[in-house]
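Residues: numbered from 1 along the sequence shown. Any value given below was found using the heavy atoms of this structure, including those in side chains, with hydrogens, waters and symmetry copies removed. A quick note: this is a predicted structure, and the numbers were derived from the prediction, not measured.
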Amino acid sequence: MKQVRAFVQSLLGSIRDLAPIIIVIAFFQLVILRQPIPDLANILAGVALVMLGLTLFVQGLEMGLFPLGENMAYAFARKGSVVWLLVFAFLLGFGTTIAEPALIAVSAEAAEVAATGGVIGTTEEDKKNYANGLRLTVALSVGFAILMGVIRIIKGWPIHYLIIMGYMGVVVMTGFAPEWIVGIAYDSGGVTTSTITVPLVTALGVGLASSIKGRNPMVDGFGLIAFASLTPMIFVMLYGVITS
């Protein structure tokens, strides 16, 4: 009974979260555009499935991914395995990013645009190589970002210094990178924060900060996602310089 009550509450939360989107779309469709909503039955069925899927996804995070990340952080901290903790952090960022659907879509579109603009060849092999290289670059950057974030928690470094230095790096690289890669690089910072990476990395950071004496989970446990959004911009612009 308790699980049913929790599921119903989560479902109501999903409905509440999606309600503003539905209201905005319905308002502009009916009031501004003054057009009927096409295929209303299928749209309502799709919205219902989205609500159900979001509810199940949130339940899965709370039951599985959050405890998993925190427990692994505790285990690494108890064993004092700093090297393996850093290896795990890098592979976690790399593995969850390389298969991110949003990154695959952006990489494929970037390859098409690069081929059209004459940056790369127009063959399918050229496009595939370029897209895979872009995906690999972003995945490596996220792995590096999570690794640096874990080192920050261990050392107790203030996060704002690293963020400021990172954005200075973005500004500097923007001046050197080819113009056609800058927009792709900036978008790469957004697509890397996937629905799997975010909960796992957040749980890892909070769990690690909670298990280290003298660390505050609220102050030190968060901030890893900021690195995961920042470093891809620098790495992708560097990739553009190299491929040019």
>> Please report the interatomic distance CG(Leu86) to CD1(Ile146), rounded to the nearest 0.5 Å.
In response: 12.0 Å

>> Within the structure provided, determine whether Asn132 and Arg135 are in side-chain contact (heavy-atom separation under 4.5 Å).
In response: yes

> In terms of hydrophobic clusters joined by side-chain contacts under 4.5 Å, are Phe144 and Ile164 together?
Replying inline: no

> How close do Ser141 and Thr231 get, heavy atom to heavy atom, and via which atoms?
Replying inline: O-OG1, 2.9 Å

> Can you tell me how far OG of Ser107 sits from CG of Asp187, rounded to the nearest 0.5 angstrom?
Replying inline: 11.0 Å

>> Rounded to the nearest 0.5 Å, what separates atom CD in Gln9 from atom OG1 in Thr55?
In response: 12.0 Å

>> How long is the straight-line distance from CG of Leu56 back to CG of Leu11, given to the nearest 0.5 Å?
In response: 9.0 Å

> Are the side chains of Met173 and Val236 in touch, meaning some heavy atoms are under 4.5 Å apart?
Replying inline: no

>> Let me check something: do Ile151 and Ile159 share a hydrophobic cluster, defined by ILVMFWY side-chain heavy atoms less than 4.5 Å apart, either directly or through other members?
In response: yes

>> Looking at every non-hydrogen atom in both residues, tell me the closest pair between Pro232 and Val142 and how far apart they are.
In response: CG-CG2, 4.0 Å

>> Between Met51 and Leu49, is there shared hydrophobic-cluster membership here, with clusters defined by ILVMFWY side-chain heavy atoms closer than 4.5 Å?
In response: no

> Got a second to check how far Asn129's CG is from Leu136's CG, nearest 0.5 Å?
Replying inline: 12.0 Å

> For the hydrophobic clusters of this structure (ILVMFWY residues joined by side-chain heavy atoms under 4.5 Å, transitively), does one cluster hold both Met233 and Trp180?
Replying inline: yes

> Checking side-chain contact (heavy atoms from CB on, under 4.5 Å) for the pair Leu85/Ile154: CA distance, chi angles, key distance, verdict?
Replying inline: CA-CA 11 Å; Leu85 174 61; Ile154 295 174; 3.9 Å; yes

> At their closest point, which heavy atom of Ala226 faces which heavy atom of Ile163, and how far apart are they?
Replying inline: CB-CD1, 3.8 Å

> Does any non-hydrogen side-chain atom of Pro20 lie less than 4.5 Å from one of Val24?
Replying inline: no

> Do the side chains of Tyr186 and Val170 get nearer than 4.5 Å, heavy atoms only?
Replying inline: yes

> Which atoms form the tightest heavy-atom contact between Arg152 and Phe222, and what is the distance?
Replying inline: NH2-O, 3.1 Å

> Between Glu124 and Lys127, is a salt bridge (charged side-chain N to carboxylate O under 4.0 Å, His left out) present by the stated rule, with each step listed?
Replying inline: CA-CA 5 Å; Glu124 290 300 321; Lys127 296 177 185 178; 3.8 Å; yes

>> Let me confirm one number: the CE-CD1 distance from Met237 to Ile181, rounded to the nearest 0.5 Å.
In response: 9.5 Å

> Is there side-chain contact between Val150 and Phe90, with at least one heavy-atom pair below 4.5 Å?
Replying inline: no

> Which heavy atom in Val182 sits nearest to a heavy atom in Ala177, and how many Å separate them?
Replying inline: CG2-CB, 4.4 Å

> So do Leu18 and Val47 actually touch side chain to side chain, heavy atoms under 4.5 Å?
Replying inline: no

>> Can you confirm whether Tyr130 is buried at OH, in the sense that more than 12 heavy atoms of other residues, nucleotides or ligands lie under 6.0 Å from that atom?
In response: yes

>> If you define the side chain from C-beta out and look only at heavy atoms, does anything of Phe176 sit under 4.5 Å from Leu238?
In response: no

> CD of Gln29: more than 12 outside heavy atoms within 6.0 angstrom?
Replying inline: yes

>> Donor-acceptor pair, distance only, cut-off 3.5 Å: does the side chain of Thr137 make one with the backbone of Phe235?
In response: no

> Going only through I, L, V, M, F, W and Y residues with side-chain contacts under 4.5 Å, is there a path from Tyr167 to Val172?
Replying inline: no

> Would a 4.5 Å heavy-atom cut-off, applied to side chains only, mark Pro178 and Val241 as touching?
Replying inline: yes

